[in-house]
There are 2 protein chains.
Amino acid sequence: MSARRPSVRPRGAGPIGPAPLFAALGDETRLRLVARLCADGPLSIVRLTAGSGVTRQAIAKHLRVLAHAGVVRGIRHGRESVWELELRQVAEARRCLERISSQWDEVLGRLKTSVER
Amino acid sequence: MSARRPSVRPRGAGPIGPAPLFAALGDETRLRLVARLCADGPLSIVRLTAGSGVTRQAIAKHLRVLAHAGVVRGIRHGRESVWELELRQVAEARRCLERISSQWDEVLGRLKTSVER
DNA sequence: TTGACATGCAACCATATGGTTGCGTATAAT
DNA sequence: ATTATACGCAACCATATGGTTGCATGTCAA
């Protein structure tokens with residue numbers, strides 16, 4: 001938000017990258033979608049909608065969001081569009097979390113020794 | 001959202017869990033916060049605010065969001081409150097992503113063989 | 001050709017979210 | 001005792017978001 005502030009990009013620190021991806025995964029409905037997709041393989045929108053508790057249009061929207069984040073990809077097949085997982089970005093997110101973990105561990109170690117001495 | 005719909009919990013599928021966590025990480029400012037924390041170790045709010053491009057209050061809000069998601073923990077130390085990473089939930093998120101990846105790989109394999117035969 | 005089915009598109013709505021300002025308060029420093 | 005710091009709380013604001021309904025369109029089946 002804050003469209004007033006002309007996106008002054010704090011000072012320093014380039015594009016953080018994976019944030020939009022996490023945002024895409026940060027919705028229950030969406031996460032349930034990817035769970036479904038990674039469990040049952042490629043599915044059409046109606047299939048995905050069935051038992052989702054929300055409208056077909058809502059599902060379509062979510063799919064587009066996921067697609068925009070590169071988590072999912074849809075191809076039109078006849079009159080239906082089939083959606084499947086795209087792992088690349090997910091892997092990226094994983095790397096991000098791993099980096100955080102290892103970096104924090106390292107810092108912890110540093111702090112510990114600095115206390116010990 | 002959808003407060004009207006009395007949280008009917010689709011049909012089947014219990015609490016998805018990690019979604020709120022991803023949501024917490026799904027904001028640039030917040031992600032930059034955890035990056036900062038995991039790089040420099042525990043920091044006070046003013047320290048974290050410096051060079052962030054947003055208000056101290058905004059930072060405080062974000063920290064509370066992260067804390068609520070279990071990514072971060074703050075303890076009051078004198079007149080300042082110091083915040084540090086808490087890795088447990090992050091690890092949870094990692095596991096979630098890994099599960100997705102491996103499950104998808106498995107499905108891919110199954111599909112492939114079913115095509116081959 | 002006609003109808004059913006799967007989507008796409010658009011408008012609309014309520015609430016969540018990220019941000020701000022302003023003010024009160026506890027703690028540290030002079 | 002005063003002043004300066006570091007913070008919490010609350011109100012407010014604009015926009016984003018998740019969801020809906022309604023309708024138009026393309027495609028398969030009889």
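First the proteins, then the strands, lettered A, B, ... as listed; each starts at 1.
- A residue-by-residue look at B:W83 and A:T29 shows that B:W83 has its nearest nucleotide of DNA chain D further toward the 5' end.
- Side-chain N or O atoms of A:R30 include one that pairs as donor or acceptor with a backbone N or O of A:A24 at under 3.5 Å.
- Taking NE2 of A:H62 as the reference point, atom CG of A:L31 lies at 11.5 Å (rounded to 0.5 Å).
- Note: CZ (A:R30) to P (D:dG19) measures 8 Å, nearest angstrom.
- Remark: of the listed residues B:L85, B:V71, B:D27, B:V71 is the sole one forming a side chain to side chain contact (heavy atoms under 4.5 Å, CB included) with B:L66.
- The interatomic distance linking A:E28 (CD) with C:dA16 (P) rounds to 15 Å, in whole Å.
- Closest approach to the A:D27 side chain among C:dT7, D:dA11, D:dG18 is made by D:dG18 (side chain taken as heavy atoms from C-beta onward).
- Ion pairing between a basic and an acidic side chain is recognised when a charged N comes within 4.0 Å of a carboxylate O; B:R88 and B:E92 show no such pairing.
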Given side-chain hydrogen bond (donor to acceptor under 3.5 Å, both in side chains), test B:S52 with B:R32 step by step and report yes or no.
CA-CA 9 Å; B:S52 72; B:R32 220 173 286 129; over 6 Å; no
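- Distance CG (A:L25) to P (D:dG18): 12 Å, rounded to an integer number of Å.
- Screening B:V65, B:I59, B:V72 against B:L33 for a side chain to side chain contact (heavy atoms under 4.5 Å, CB included) leaves a single residue, B:I59.
- Of all nucleotides listed (D:dC9, D:dG18, D:dC7), D:dC9 comes nearest to the side chain of B:Q57.
- Side-chain N/O atoms of A:S81 include none lying less than 4.0 angstrom from OP1 or OP2 on C:dA6.
- No more than 12 heavy-atom neighbours from other residues, nucleotides or ligands sit within 6.0 angstrom of CZ on A:R47.
- A:R76 CZ to A:S44 OG: the interatomic distance, rounded to the nearest 0.5 Å, is 11.0 Å.
- When each of D:dG19, C:dT7, C:dG18 is scored by its nearest atom to the side-chain atoms of A:S44, the top-ranked nucleotide is C:dT7.
- A pairwise comparison of heavy atoms in A:G41 and B:V107 identifies CA-CG1, 3.6 Å as the closest pair.
- Across the protein-nucleic acid pair, A:I59 atom CD1 and C:dG8 atom P stand 13 Å apart, rounded to whole Å.
- Rounded to an integer number of Å, the gap from A:H62 NE2 to C:dG8 C1' is 17 Å.
- Checking B:W104 against B:S102 by side-chain atom types alone, no donor-acceptor pair falls below 3.5 Å.
- Between B:V82 and B:K61, the residue anchored nearer the 5' end of DNA chain D, judged by the nucleotide with its closest heavy atom, is B:V82.
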Summarise how protein sits on nucleotides 24-30 of chain C as a single string, 5' to 3': B when a protein heavy atom is under 4.0 Å from the base, S for sugar-phosphate-only contact, - for no contact.
---BS--
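- Distances shorter than 4.0 Å separate none of the side-chain N or O atoms of A:T49 from OP1 or OP2 on C:dT7.
- Ranking D:dG18, D:dC9, D:dA6 by closeness to the B:E80 side chain, first place goes to D:dA6.
- For the pair A:R64 and C:dG8, the criterion of a side-chain N or O lying under 4.0 Å from OP1 or OP2 is not met.
- Taking atom CZ of B:F22 as the reference point, atom P of D:dT17 lies 18 Å away to the nearest angstrom.
- Between the axis at the start and the axis at the end of the helix from C:dT1-D:dA30 to C:dT30-D:dA1 there is an angle of 30°, using five pairs per end and rounding to 10 degrees.
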